[in-house]
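Letters A, B, ... are given to chains in the order of the sequence lines, protein chains preceding strands, and every chain is numbered from 1. Note that the structure is a prediction, hence the values are computed from the model and not measured.
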Amino acid sequence: MTDFLSDLNEAQKKAVEATDGAVLVIAGAGSGKTRVLTYRIAYLLSKGIDPFSILALTFTNKAASEMKERIASLVGRPKAKSLWMGTFHSVFAKILRFESERTGFPSNFTIYDTEDSKRLLKNIIKEQNFDEKEYKPAVVVNRISNAKNNLISVEEYNNDFEIQTYDSQCKRPHIGLIYKLYQQRLKKASAMDFDDLLFNTNVLLRDHPEALYKYQNKFKYILVDEYQDTNFAQYLIVKKLSANNENICVVGDDAQSIYAFRGANIQNIINFKKDYKDFSLFKLEQNYRSTKNIVDAANSVIENNKEQIKKAVWTNNEEGERIHLFNAANENEEAAVIGAKIFELMKKENFTPDNIAVLYRTNYQSRTLEESLRKLSIPYKVFGGVSFYQRKEVKDLLAYFRLIVNHYDEQAFVRIINFPARGIGDTTLNKILVAANENNVPVWDVAENPANYKVSIGSNIQNKISEFVFMIKSLKTQINKQNAYEIGKLTVNNSGIIKHYKDQETPESEMRLENIDELLNALKEFAENPDDVEGENSLKTIELFLEEAALMTDMDMEENKQNADNKSYVSLMTMHSAKGLEFPVVFLAGLEENLFPSQMSLESSAELEEERRLFYVAITRGMKKVFMSFAETRYRFGELNFCEHSRFIDEIDQKHIDDMAGIFSTFNKKPANFESFAESRSNFVSVNSIKKKQDNNTGNNDDSEFGKLSPSSLKVDMTIQHQRFGIGTIQLLEGKGENAKAHVLFNNFGKKQLLLKYAKLKILS
DNA sequence: AAAGCGGTACTTTTT
DNA sequence: GTACCGCTTT
């Protein structure tokens, strides 16, 4: 029964066999981390452990379903299905629904996504007449999210001197009040946001010891994937649940911690040894994924981080090609070259599109890349950005489902009360909202019976509201009688959404209809696939669908689709979403200062180290070939910006780089295989831009007088000359050391911010 | 009440 | 460049 252990190397095998007690597995990139987790679970099952008593927490739904699949192939489907395996959010959402009697929330609570949260916050800020410039929903939502991730309740937030001082200093003294009102409104709407799922689980385990004992006894073996990305709320849940027998196994890589910005605490993994004194440590250091060049290049970068657990990642794989580095005049040329190179890889080296990924720091970079790939008819898929579930028509329809399941869902109500238009406008809606607030009742109660709350609405509009309320109520009577797909069809027809878009007859409405169709297909597939623990005869209701959809990223969605239509695409995604994935060929685009590392990360070394870890993650996605590129100019907010290449490139040991950009050669000498690149480039890029490039490379321009100047030699109002921008006046000097910057007003180029570390200047007067 | 127009302020990463 | 807001007109 344990024959599958022979698939593992020594370190992996030991990590699998140490089933009891606290276990920390530090797994370098590509070292078979998922393999250890799956085999460990399979091993537990083969020893007769009940699958219901194993809790495995992952970072994404995709990781969970893939792992389940692999375990199923090792020990059989029935056992694999009975495992408690999923993301923190989905597993504990399930538990919170089950424990509704203890939580004070009904079991059909809605999960608000970030957009819902922001809209609600916006409403509250408006109602309170706070300055909307100071109180931006995005900022407020972050403050509240941070508080919740650190288990700071409304009361604690408002009584904490430090927090209050900080908010006051930021000119936002009322965030505590907003937090309070926000939680009240969520409660009234029977809704939780993402962070509440973890926060309220902690409350449940803290205030209800009988529930804590129950789950401690239930989950005899706990496994946590990507432990380096857990936040305090998650950490404490795991700690509490495992306190009884300490059969806990956490797997992670501190070098790949990239979610501190949303509360992840790298100390959780670094301090594991303090939390569990009797722990065993296993290090997986052999990389099976990438070539020597890629592994070594990644190692040379991550070395620059101070805070890390020591490990030596190595590989037995072939040497492989060096990392190909190239530059481009602007983002369009960069995209064109990447497209051309992909075209060539497919044509000459038989790579398929799904062998290839283009990774970037920010979502907006996908646009130019898409254009380039479209021109070359290369099939591609953009992950992230405006995902399927965020499209207006899809969210509208989901709002119907939400309101049907949970009438109190305020955001869903506001969204669809007048969509499609049924003559209930802003004025009426505001009356209802105000009345709901004044009487401290859900909006639904007011809509159901306005007269009760002294809302004066004309009888004409009154009838329309009643019709709407009636429609939602009648659909509710069906939700436990008909499956998700049937409810979906009824909703689409009764609501008038289909008619609304059919009447428009524009290409845009056509597309929206297609998306609605796609959602119905997803419902159908969901309804007809009895893959749940509950068994074959249980009805797949719309409620169950919503629960999944709320916590689904488009990553999970696209995964299903790709399997379904079996087409091959080049993947376009952010470096963050690429975590956990691997591709034979990886392009890293836009490696420029202020873009990557992001401008916002330059203020603290902790944030800069996180960017570096992200760079490490990005490089280590590549199996065979890694291409890096940067543009010398890039449009941002419609304004032209001149860019310097990313500092991270300089941190790679030069011997691993095939430097076609010429950044490491003082004499700008032409690299050995520049020709082959120029060739593939010239097929698609205007000859002009190449010429410009080559002129630069010959070193004809007279730059002998320009040099890097120390920040101290410059003063405001000085007139300086820049190699490219010509003559200008210094307006402002900021930053220290590496980050010293000068704001210069150029005569012909307008205002520019120059990093003194790179800018070559000449002082004129 | 709804659609259309023009000005404005943004873009880090996501369960 | 674009998403979003508030103003206008019908």
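Remark: A:R621 engages no residue in a salt bridge (Lys or Arg N to Asp or Glu O under 4.0 Å) (not counting sequence neighbours). Every residue was checked against the side-chain hydrogen bond (donor to acceptor under 3.5 Å, both in side chains) condition with A:D131, not counting sequence neighbours, and none meets it. Applying the salt bridge (Lys or Arg N to Asp or Glu O under 4.0 Å) test to A:E331 and every residue at least two apart in sequence or in another chain returns nothing.
Atom pair A:Y235:OH and B:dT15:C1' shows a separation of 21 Å (rounding to whole Å applied). Atom-to-atom, CE of A:M192 to C1' of B:dT15 comes out at 16 Å; the value is rounded to the nearest Å. Note: CD (A:E115) to P (B:dT15) measures 15 Å, nearest angstrom. Rounding to whole angstrom units, CG of residue A:L608 and P of B:dT13 are separated by 18 Å. Between the C1' atom of B:dT15 and the CZ atom of A:F92 lies a distance of 14 Å, rounded to the nearest Å. We find that CD of A:Q599 is positioned 15 Å from C1' of B:dT13, with the value rounded to whole Å. Here B:dT15 presents its P atom at 9 Å from NE2 of A:H89, a figure rounded to the nearest Å. Note: CG (A:L581) to C1' (B:dT13) measures 15 Å, nearest angstrom.
Below 30°, between 30° and 60°, or above 60°: for A:F59 and A:Y259 the angle between ring planes is between 30° and 60°, a tilted geometry.
Here the two rings, on A:Y360 and A:F587, have centers that are 6.0 Å apart or farther.
Put simply, CD on A:E610 and OG on A:S604 are 9.5 Å apart, with the number rounded to the nearest 0.5 Å.
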*asked:* At under 4.0 Å between heavy atoms, how does the protein contact nucleotides 5-12 of chain B? Give one character per nucleotide, 5' to 3', with B, S or -.
replied: -----BBB
*Are A:R647 and A:E651 close enough, and set up right, to give a salt bridge (Lys or Arg N to Asp or Glu O under 4.0 Å), and what steps lead you there?*
CA-CA 7 Å; A:R647 68 186 70 191; A:E651 293 174 1; 6.0 Å; no
*Assess whether side-chain contact (heavy atoms from CB on, under 4.5 Å) is satisfied between A:V358 and A:V570, documenting all intermediate values.*
CA-CA 8 Å; A:V358 186; A:V570 173; 4.3 Å; yes
_Derivation of the salt bridge (Lys or Arg N to Asp or Glu O under 4.0 Å) call for A:D396 and A:R391_ = CA-CA 8 Å; A:D396 287 340; A:R391 301 212 177 113; over 6 Å; no
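Using a 4.0 Å cut-off, some side-chain N or O of A:S577 falls inside it from OP1 or OP2 of B:dT14. OP1 or OP2 of B:dT14 has not a single side-chain nitrogen or oxygen of A:T114 nearer than 4.0 Å.
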Nucleotide N/O of nucleotides 1-3 of chain B paired with protein N/O under 3.5 Å:
| unit_1 | atom_1 | unit_2 | atom_2 | d |
| --- | --- | --- | --- | --- |
| B:dA1 | OP2 | A:T427 | OG1 | 2.9 |
| B:dA2 | OP1 | A:N418 | ND2 | 3.4 |
| B:dA2 | OP2 | A:N418 | ND2 | 2.9 |

*Dot-bracket summary - DNA chain B, pairs being Watson-Crick or G-U whose distances fall under 3.5 Å, with | when paired to another strand*: ||||||||||.....
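Remark: A:R415 does not engage A:D116 in a salt bridge, criterion side-chain N to carboxylate O under 4.0 Å. A salt bridge is defined here as a Lys NZ or Arg NE, NH1 or NH2 lying under 4.0 Å from an Asp or Glu carboxylate O, and A:D113 with A:K395 meets this definition.
A donor-acceptor pair under 3.5 Å links the side-chain atoms of A:N108 to the main chain of A:V405, judged by distance alone.
Taking atom P on both nucleotides, C:dC4 is separated from B:dT13 by 15 Å, rounded to a whole Å.
As judged by a 4.0 angstrom heavy-atom cut-off over every strand, A:Y259 is placed among residues touching the sugar-phosphate backbone only.
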